[in-house]
Amino acid sequence: MKKIGITGQNGFVGSHLYNTLGLKPEQYKRIDFDRSFFDHPDQLDAFVKQCDVIVHLAAMNRHPDPEVIFNNNIELVKKLTDSLERTGSKAHVLFSSSSQEEKDNLYGKSKKEGRVLLADWAKKADGKFTGMIIPNVFGPFGKPNYNSFVATFCYKLTHGEIPVIDNDSEVKLIYVGELVQKIIGQIETADTKELYEVKHTSVNKVSEVLAKLENYKRLYFDNGEVPQLTSAFDLNLFNTFRCYFDIKNHYPVKFTQHTDPRGAFVEVIRLGIGGQCSFSTTVPGITRGDHFHTRKIERFAVIKGEALIQLRKIDTDEIFDFYLKGDEPAYVDMPIWYTHNIKNIGNEDLYTIFWINEAFNPEDPDTYFVKV
């Protein structure tokens, strides 16, 4: 079992890497890191001593004063190398650098100089080092106006604001889940490279990305229709978009009922993609679910009875409670990385329709059981 520590484990990439490693507890032990360790050499040393692998992600990306960015990032690297030297660590250190290394800005300069400092440590100490050059990263839970223009666009579109394009250039992108798999691949192979360029997985003009997101807003955010998703990039972008909703206030979404003397007709879901649609009955007092997905799109639609649907992002404590009744048919969609369940809180059988965008595959279920 490899013991892995991540500086910046609560950051955008760090949290995704930390949570993904947590899906395989039989393979990886996560050594928890706190930002305060950098200010306490004894705590930093204790962390370093425990690690077989250290992924150094902690860094500052934005600040009004570029000098602050440069000084902060170099200082963090120096504190880490000092600890590696004090402890005589033989950990495999992976460093997150940036495609901005060659650009004329102090952020790129800080990443390049930080990578060189760690490479020098590895040469002197006979240590193991991999310097990763990473393209622009997007994905769920990135900070708007900080991590990515994608995060900014998603937030604005789901919060009543209008995105603005500053520079409609072509951007090389990688989804955070894809990047995490690249990092884990380097951990597994223990391949040491002073310069390892992580390849982007898509190239898009900023305006093209915005056009897709605006389409998702019109179809899905406003009308509940799942759009056509014809590529891995589209699926990843759509799952990113879904995570910026004000989930607490967006759900449950009531269906439009068409009634006449015969009864009522309700359209449950309109799809640009396929998937699997299921039906269940649940007896009073029973809870189904308590699991999450990392890539699947899922909808719960209550058509009879009374239900409590609960959601919780897996690395947070806040639980969202949604109460649904069959006489007012409504649905709740499940964002990725949110564990969820449904409980019959009524006195009669609960009838629920479930739709998910993939037919169930027992060899690759993308279903991880964690109680809400």
Side-chain angles (χ1 to χ4, degrees), residues 1-34 37 46-58 89-96 128-130 132 134 137-142 174-193 196 198-199 201 232 235-236 239-240 242-243 289-298 311-317 334-341 356-372:
M1 179 181 290
K2 291 191 176 183
K3 293 178 286 186
I4 303 171
I6 307 164
T7 71
Q9 76 175 43
N10 295 321
F12 172 42
V13 175
S15 62
H16 278 278
L17 177 58
Y18 183 86
N19 289 332
T20 302
L21 292 171
L23 302 179
K24 296 184 177 180
E26 72 286 355
Q27 286 183 240
Y28 308 114
K29 180 179 180 180
R30 298 171 296 178
I31 308 300
D32 282 341
F33 181 85
D34 189 271
F37 291 178
F47 165 79
V48 168
K49 285 177 183 177
Q50 295 180 72
C51 297
D52 301 319
V53 178
I54 297 172
V55 185
H56 182 49
L57 300 175
S89 174
K90 296 300 179 184
H92 179 193
V93 178
L94 295 91
F95 177 65
S96 164
K128 292 179 286 186
F129 173 69
T130 301
M132 299 177 294
I134 296 173
V137 187
F138 76 97
F141 320 123
I174 187 169
Y175 181 59
V176 67
E178 296 168 329
L179 173 59
V180 162
Q181 291 306 317
K182 295 286 188 182
I183 295 172
I184 292 173
Q186 290 297 303
I187 291 171
E188 283 301 310
T189 61
D191 193 13
T192 57
K193 296 179 181 177
Y196 166 58
V198 178
K199 298 295 185 184
T201 53
L235 175 61
N236 292 333
N239 271 330
T240 299
R242 297 195 305 129
C243 288
D290 281 326
H291 61 243
F292 68 93
H293 311 293
T294 67
R295 66 171 185 268
K296 290 181 176 179
I297 310 165
E298 189 172 31
L311 279 74
R312 178 178 64 83
K313 185 170 174 283
I314 67 162
D315 53 0
T316 66
D317 296 324
M334 308 303 151
I336 57 175
W337 292 103
Y338 276 76
T339 186
H340 49 269
N341 64 27
I356 198 161
N357 70 310
E358 296 180 24
F360 184 75
N361 177 3
E363 299 299 318
D364 182 21
D366 187 40
T367 302
Y368 301 94
F369 289 89
V370 174
K371 278 193 172 295
V372 174

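The chain is numbered in sequence order, starting from 1. The shown structure was predicted, so the numbers you read here are calculated from the model rather than taken from an experiment.
- In this structure a side-chain-to-backbone donor-acceptor pair under 3.5 Å is missing from R295 to N239.
- Among all heavy-atom pairs drawn from F33 and T7, the shortest one is CD2-CA, 3.7 Å.
- Side chain to side chain, Y18 and N10 fail the donor-acceptor criterion of an N or O pair below 3.5 Å.
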**Request:** Decide side-chain contact (heavy atoms from CB on, under 4.5 Å) for T294 and W337; before the verdict, give the C-alpha distance in whole Å, the side-chain angles of both, and the deciding distance to 0.1 Å.
**Result:** CA-CA 5 Å; T294 67; W337 292 103; 3.6 Å; yes

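- More than 12 heavy atoms of other residues, nucleotides or ligands sit less than 6.0 Å from atom NZ of K90.
- Of the inter-residue distances, the one linking L235 atom CG with I297 atom CD1 reads 5.5 Å to the nearest 0.5 angstrom.
- Residue I336 holds its CD1 atom at 6.5 Å from OG1 of T240, rounded to the nearest 0.5 Å.
- The closest donor-acceptor contact from the side chain of D52 to the backbone of K2 lies at 3.5 Å or more, if one exists at all.
- Closest heavy-atom contact between F47 and C51: O-SG, 3.2 Å.
- When side chains are defined from C-beta on, Y28 counts as touching I184, because their heavy atoms get closer than 4.5 Å.
- Residue F292 holds its CZ atom at 13.0 Å from CG of L311, rounded to the nearest 0.5 Å.
- The number of heavy-atom neighbours closer than 6.0 Å to NZ of K29, taken from other residues, nucleotides and ligands shown, is 12 or below.
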**Asked** Taking it one step at a time, do L21 and I6 satisfy side-chain contact (heavy atoms from CB on, under 4.5 Å)?
**Response** CA-CA 11 Å; L21 292 171; I6 307 164; 4.1 Å; yes

**Prompt:** Are V137 and I174 close enough, and set up right, to give a side-chain contact (heavy atoms from CB on, under 4.5 Å), and what steps lead you there?
**Reply:** CA-CA 5 Å; V137 187; I174 187 169; 3.9 Å; yes

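- Residues S15 and D315 form a side-chain contact, since some pair of their non-hydrogen atoms from C-beta on lies under 4.5 Å apart.
- Residues H340 and H293 form a side-chain contact, since some pair of their non-hydrogen atoms from C-beta on lies under 4.5 Å apart.
- Remark: the T130 side chain and the H92 side chain contain an N/O donor-acceptor pair separated by less than 3.5 Å.
- Listed for the K296 side chain is no donor-acceptor partner under 3.5 Å among the backbone atoms of D366.
- Annotation: the span from L179 atom CG to F138 atom CZ amounts to 11.0 Å, rounded to 0.5 Å.
- H291 and F369 have perpendicular rings, their planes meeting at more than 60° on a 0 to 90° scale where under 30° would count as parallel.
- Looking only at side-chain heavy atoms (C-beta outward), Y175 and P140 come within less than 4.5 Å of each other.
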**Request:** For I187 and V55, run side-chain contact (heavy atoms from CB on, under 4.5 Å): C-alpha distance rounded to whole Å, both residues' side-chain angles, the deciding distance at 0.1 Å, then the answer.
**Result:** CA-CA 9 Å; I187 291 171; V55 185; 4.2 Å; yes

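- Between V198 and E178, every side-chain heavy-atom pair lies at or beyond the 4.5 Å cut-off.
- To the nearest 0.5 Å, atom NE2 of residue H16 and atom CD1 of residue I183 are 11.5 Å apart.
- By the 4.0 Å N-to-carboxylate-O rule, D32 lies too far from R30 to be salt-bridged with it.
- Looking only at side-chain heavy atoms (C-beta outward), V93 and F129 come within less than 4.5 Å of each other.
- Counting non-hydrogen atoms of other residues, nucleotides and ligands closer than 6.0 Å to CD of E26 gives a total above 12.
- Here the CG atom belonging to L17 is positioned 15.0 Å from the NZ atom belonging to K182, to the nearest 0.5 angstrom.
- Of the possible donor and acceptor atoms, none in the side chain of H56 sits under 3.5 Å from a partner among the backbone N and O of I54.
- A donor-acceptor contact shorter than 3.5 Å links the side chain of D290 to the backbone of V372.
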